[in-house]
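All remarks here apply to the structure that follows.
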Amino acid sequence: MKYPQVVALEYDGWLGKQLRDLARESRWLIHSVRTSSAVKAHLQRGNPTVVLIQTDLSEEQLRLLALIDDIRRLDPDVSVIVVSDIKLPDAERCAWTTAILDLGARYVLFPPLTKPVLEDVVSGLLSASINRIARQAIPNRVLTHKSTQRNAVIDLADQETQA
Amino acid sequence: MATSSRENCLLDRITNFGVNYFQIRVNEFGSVFEMPPSPSPKRRGRPKGSQTFGWRSFFEQSTTPVFILGSNRRLRYANGTWEKLCGVKLTDVQDLVCSSRRHSSALAQALMPTPEALAGKVDRIRRSAPFTRPGYQWWDITFTPLRGEVGLYGILGTIEVVNSEPTTMSRKLHPSIMTLRHAHAARYAFDLFQGCSPQILQFLTQLRHAAATDVPIWFWGEPGSGKETAARVVHHNGPRREKAFIGVDCVGLQPYLIDSLLFGHGGILEGQHVGTLYLKNPMALPRDLQAKVVEAFSKTQNVRLISSATRSAADEVSTGHLLQDFHIDLAVLELQVPALRHRLDDLPRLAAHWLPDQTIEPSVFEVLRYQPWPGNLRELRQILITAHQQAGSGPIRSEHLPHEYRVQAERVPPAPQRPTLQLDKILESIEKEMIRKALRQSKGKLARAAELLGIWQSRLLRRMKALDINLTSLSGSEKEDGSL
């Protein structure tokens with residue numbers, strides 16, 4: 001059984017703790033790991049996966065960003081989210097965000113980081129990944145995610161026209 | 001000069017240099033003695049004591065980096081400027097196989113001839129320089145094929161360095177990130193969409209045209225067919241290649257996250273770093289955010305927008321998912337990415353791309369040919385990687401494929417040969433039948449038959465001659481039919 005999984009590459013276990021409730025509710029696996037090789041090992045099974053990379057963007061940790069490129073090569077469908085530990089001025093933040101997204105990451109989070117935002121990013125990207133794989137297995141079935149449901153947007157203009 | 005000394009001189013060069021330039025001349029002119037003589041005995045570029053054209057010295061004095069590849073893509077010769085540019089001695093890299101295999105060096109990949117050059121056409125391609133320095137370089141490489149008696153003899157390459165000003169991003173970011181970024185970009189060449197099926201060849205041509213322009217693109221095609229890869233290929237081979245490619249999954253991310261990422265405080269569109277913004281399924285965005293995107297991209301020319309979806313932009317507008325303005329302004333060029341089932345002849349090439357060192361038995365492709373491939377390339381890649389893991393060090397056989405795939409292959413009979421629709425033949429047979437009918441009704445009278453057909457008699461005669469209809473055979477066959 002290919003359970004959806006969240007793999008968090010972190011050094012203090014904070015990300016894993018924040019996502020534990022969501023993972024339990026959604027029946028997802030969550031792995032908190034400390035090395036790049038452990039991340040790659042979890043990608044071998046082809047489960048729908050979101051990888052979180054915690055970094056302080058220091059020179060010692062820049063090699064972690066090479067992992068984004070490796071993950072893209074191993075499995076282009078895996079979504080990567082980079083979580084920065086340090087707050088940066090706007091210009092630098094913009095430059096870093098652009099460079100990280102250019103390497104293939106799907107989102108970059110900077111402090112102050114709240115649990116709902118982290119949950120929204122992870123659940124959204126993982127649901128999209130599950131849908132992609134499910135659509136591949138069941139081609140004729142229409143699968144929708146809460147963010148794709150058109151009814152979620154109430155268009156007042158349409159309602160006025162109908163009235 | 002005595003004939004023998006000239007011959008010796010040439011043979012000496014052929015032996016010493018390894019590059020068979022003179023042999024090419026021999027083949028072309030039939031004899032070494034018929035080579036055009038040097039116009040002036042004092043001409044520069046000729047080695048001392050030589051009466052012939054000194055091709056090596058000629059290239060050595062050129063400030064253009066020049067290299068020569070053999071027909072087997074091995075590096076045979078490079079001039080001093082090339083050595084200076086690459087920072088290596090020719091003796092160290094002579095016979096280097098210039099290919100894109102996994103173990104190939106960055107230099108070998110940069111010098112790899114394009115498929116067009118290998119097919120005998122002069123081709124020019126822009127590639128990232130293998131030796132990254134501050135102020136990132138691109139190389140414009142021109143490959144000129146040299147023909148021999150039996151096909152391609154070798155390839156002459158020249159390099160033009162494209163110097164670019166360091167971007168704001170490259171000034172601020174760590175050099176190791178920039179190196180990583182350039183290595184990442186180098187993987188997205190047009191070669192990814194090479195193939196032999198007509199659909200993919202047409203798509204590749206469209207992709208090249210799209211990369212040469214700067215207009216917004218709408219890619220559409222089935223899930224997993226490679227839309228994002230196509231978008232990256234366009235970006236990394238287009239005019240904005242030195243800036244960043246940003247991919248945004250509009251289905252996976254909540255609208256407020258996308259809004260914050262693009263337009264928020266310190267959003268990425270505020271800076272000058274982004275070259276291409278790729279929106280995956282933009283119709284999943286709420287209308288107000290779609291309108292914001294249209295407004296932003298109608299104003300700015302700094303960022304190129306590429307969107308992708310499973311249906312065409314017009315279809316998305318007709319179903320009410322996409323704003324009309326988005327279609328008009330941001331889907332200028334629409335390209336359909338071919339589905340895998342329409343390019344089944346490319347299966348071996350795709351397998352070799354993902355598993356370059358793996359042997360795959362032909363029976364595997366026989367099974368794969370009969371799958372519907374709803375997940376397209378994504379599905380194929382996953383199947384091949386799983387089979388590779390099962391096969392271990394041995395070749396991949398059909399038993400390494402999932403059971404349902406093998407059952408499907410056995411259940412589906414080989415597709416019958418599709419009848420060809422040749423319009424001319426069909427029209428010809430209809431015309432023949434109509435003329436025969438008219439002749440039968442007019443009892444062989446040509447004037448009456450022409451009147452019935454609504455044409456001049458002269459034209460009827462011409463058509464009868466062209467269609468090989470004669471009255472005698474007609475009456476004979478009619479007699480057999482019993483109608484006359």
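Reminder, nothing fancy here: chain letters follow the sequence lines and each chain counts from 1. Please read these numbers as outputs of a predicted model, since none were measured by experiment. The analysis underlying the following values was restricted to heavy atoms, covering all of them including side chains, and did not include hydrogens, waters or symmetry mates.
In terms of the side chain to side chain contact (heavy atoms under 4.5 Å, CB included) criterion, residue partners of A:Ser26 (sequence neighbours excluded) are, by chain and number, A:Leu22, A:Trp28.
At a 4.5 Å heavy-atom cutoff, B:Glu222 makes no contact with chain A through either its backbone or its side chain. Proximity to chain B involves both the backbone and the side chain of A:Arg73, based on heavy atoms less than 4.5 angstrom apart. For chain B, the nearby parts of A:Val117 are the backbone and the side chain; heavy atoms of each come within less than 4.5 Å. Of the two parts of A:Leu74, only the backbone, made up of N, CA, C and O, holds a non-hydrogen atom closer than 4.5 Å to a non-hydrogen atom of chain B. If you measure heavy-atom distances from B:Tyr278 to chain A, you find no contacts under 4.5 Å at all.
Between the side chains of B:His235 and B:Thr276, at least one donor N or O sits under 3.5 Å from an acceptor N or O. With 3.5 Å as the limit, one finds a donor-acceptor pair spanning the side chains of B:Tyr256 and A:Asp120. There is no side-chain donor-acceptor pair under 3.5 Å between B:Arg381 and B:His353.
Of all the listed residues (B:Gln389, B:Arg187, B:Arg232), the one sharing the greatest number of non-hydrogen pairs under 4.5 Å with chain A is B:Arg187. Comparing B:Thr386, B:Val248, B:Leu257 by heavy-atom pairs within less than 4.5 Å of chain A, the highest count is held by B:Leu257. With respect to chain B, the highest number of heavy-atom pairs below 4.5 Å among A:Leu101, A:Leu103, A:Asp75 belongs to A:Leu103.
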Pairs of donor and acceptor atoms involving the side chains of residues 31-41 of chain A, under 3.5 Å and at least two apart or interchain, shall be tabulated with distances.
from	atom 1	to	atom 2	distance (Å)
A:His31	NE2	A:Gln5	OE1	3.2
A:Ser32	OG	A:Glu10	OE2	2.5
A:Arg34	NH1	A:Tyr11	O	3.2
A:Thr35	OG1	A:Ser37	OG	3.4
A:Thr35	OG1	A:Ala38	N	3.3
A:Lys40	NZ	A:Asp70	OD2	3.2

A:Thr55 and A:Leu9: CA distance, side-chain angles, deciding distance, side chain to side chain contact (heavy atoms under 4.5 Å, CB included) verdict: CA-CA 9 Å; A:Thr55 175; A:Leu9 176 63; over 6 Å; no
